[in-house]
Amino acid sequence: MTRFIKPLRELLVLVLIGAALTASAEQEQRYFDNDALRDRYEQLIWELRCPKCQNQNIAGSNAPIAADMRDKTYELLHQGYSDAQIIDYMIERYSEFVTYKPRVTWGTVWLWLIPGAGLLTGALVVLWLARRSASQPAAPISAAERQRLNELLQRESDES
């Protein structure tokens with residue numbers, strides 16, 4: 001029995017080493033000239049959205065297009081592009097979808113106007129309904145309705 005334990009232990013060690021190497025191989029190895037450049041890279045890949053994945057940034061996406069975008073971000077940073085220029089480049093190449101904070105343009109202005117217009121419309125409707133109900137006094141009840149109401153009230157007081 002002990003002659004099987006030693007080979008199994010060695011096999012387990014090899015499997016764990018292989019798993020660790022595989023896990024480290026999946027992490028991107030990027031080299032930066034300084035920490036500020038690395039921080040800008042990290043911030044940019046967290047701010048840019050993967051065009052293929054639903055609401056996932058390119059830092060966390062495994063899609064090939066996200067890897068391409070990370071590569072391009074890395075390349076543009078090393079070419080001296082500013083953060084705004086890199087985001088503009090990505091938007092121009094992949095559309096406004098790649099940013100979580102769309103720019104205010106003629107194509108995206110409705111994103112900011114519709115909620116405000118909805119609130120304004122709702123406030124105007126509530127104001128109109130309030131004014132309408134205040135301007136129409138309640139219709140007086142007829143003598144027959146008054147008598148019926150009194151009968152109902154009398155019946156209820158007799159029952160209780």
Leu44 side, atom CG; Leu76 side, atom CG - distance, nearest 0.5 Å: 9.5 Å

Kindly determine whether Asp71 and Arg30 satisfy salt bridge (Lys or Arg N to Asp or Glu O under 4.0 Å), including the steps that lead there. CA-CA 9 Å; Asp71 291 343; Arg30 301 205 186 264; 2.6 Å; yes

Go through the steps for Phe32 and His78 under the test side-chain contact (heavy atoms from CB on, under 4.5 Å), then give the verdict. CA-CA 8 Å; Phe32 295 92; His78 280 83; 3.8 Å; yes

Can you name the closest pair of heavy atoms from Leu37 and Asp33 and give their distance? CD2-N, 4.2 Å

Using the test salt bridge (charged side-chain N to carboxylate O under 4.0 Å, His left out), find all partners of Asp68 that sit at least two apart in sequence or belong to another chain. none

Heavy-atom pair of closest approach, residues Ala63 and Lys52: CB-CD, 4.0 Å

Is the count of non-hydrogen atoms from other residues, nucleotides or ligands lying under 6.0 Å from Trp46 atom CH2 greater than 12? no

If we only count heavy atoms from C-beta on, is the Pro51 to Met69 side-chain gap below 4.5 Å? yes

Looking only at atom types and distance, does a side-chain atom of Glu145 sit under 3.5 Å from a main-chain N or O of Leu149, one as donor and one as acceptor? no

Classify the angle between the aromatic ring planes of Tyr41 and Tyr74 as parallel (below 30°), tilted (30 to 60°) or perpendicular (above 60°). perpendicular

Enter the distance from Ile45:CD1 to Ile86:CD1 here, rounded to the nearest 0.5 Å. 11.5 Å

Non-hydrogen atoms of Arg132 and Ser135 that approach each other most closely: O-OG, 3.0 Å

If only atom types and distance count, is the side chain of Thr99 paired as donor or acceptor with the main-chain N or O of Glu96 below 3.5 Å? no

side-chain contact (heavy atoms from CB on, under 4.5 Å) between Arg148 and Leu152, intermediate numbers included: CA-CA 6 Å; Arg148 175 78 179 134; Leu152 289 173; 3.8 Å; yes

Validation row: Glu47, Ile58 side chains within 4.5 angstrom (heavy atoms): no

The reported gap from CD in Glu92 to OH in Tyr89 (rounded to nearest 0.5 angstrom) is 8.5 Å

Would you kindly confirm whether Leu124 and Trp128 end up in one hydrophobic cluster when ILVMFWY residues are joined by side chain heavy atoms under 4.5 Å apart? no

Same hydrophobic cluster for Val104 and Trp110, using side-chain heavy-atom links shorter than 4.5 Å among ILVMFWY? yes

Stepwise, does the side-chain hydrogen bond (donor to acceptor under 3.5 Å, both in side chains) test hold for Asp39 with Gln43? CA-CA 6 Å; Asp39 292 343; Gln43 184 176 356; over 6 Å; no

Can you tell me how far the CD1 atom of Ile91 sits from the CD1 atom of Ile87, to the nearest 0.5 Å? 6.5 Å

Would you say Arg103 has more than 12 foreign heavy atoms packed within less than 6.0 Å of its CZ? yes

Over 12 non-hydrogen atoms of neighbours within 6.0 angstrom of CG in Asp88: yes

Any side-chain heavy atom of Asn57 sitting closer than 4.5 Å to one from Leu48? no

Main-chain N/O of Gln85 paired with Ser82 side-chain donor or acceptor, under 3.5 Å: yes

Do Arg40 side-chain atoms and Leu77 backbone N/O form a donor-acceptor pair below 3.5 Å? no

Does a donor on one side chain and an acceptor on the other come within less than 3.5 Å for Gln154 and Asn150? no

Greater than 12 external heavy atoms within 6.0 Å of Tyr81's OH: no

What I'd like to find out is whether the side chain of Phe97 reaches to under 4.5 Å of the side chain of Cys50, using heavy atoms alone. no

Any idea which heavy atoms bring Trp106 and Val109 closest together, and the distance? O-CG1, 3.8 Å

So do the side chains of Lys72 and Glu75 get within less than 4.5 Å of each other, counting heavy atoms only? yes

How many angstroms lie between atom CZ of Arg155 and atom OG of Ser157, to the nearest 0.5 angstrom? 11.0 Å

Please check if Leu119 and Leu111 belong to a single hydrophobic cluster, counting links between Ile, Leu, Val, Met, Phe, Trp and Tyr side chain heavy atoms closer than 4.5 Å. no

If only atom types and distance count, is the side chain of Gln147 paired as donor or acceptor with the main-chain N or O of Ala144 below 3.5 Å? no

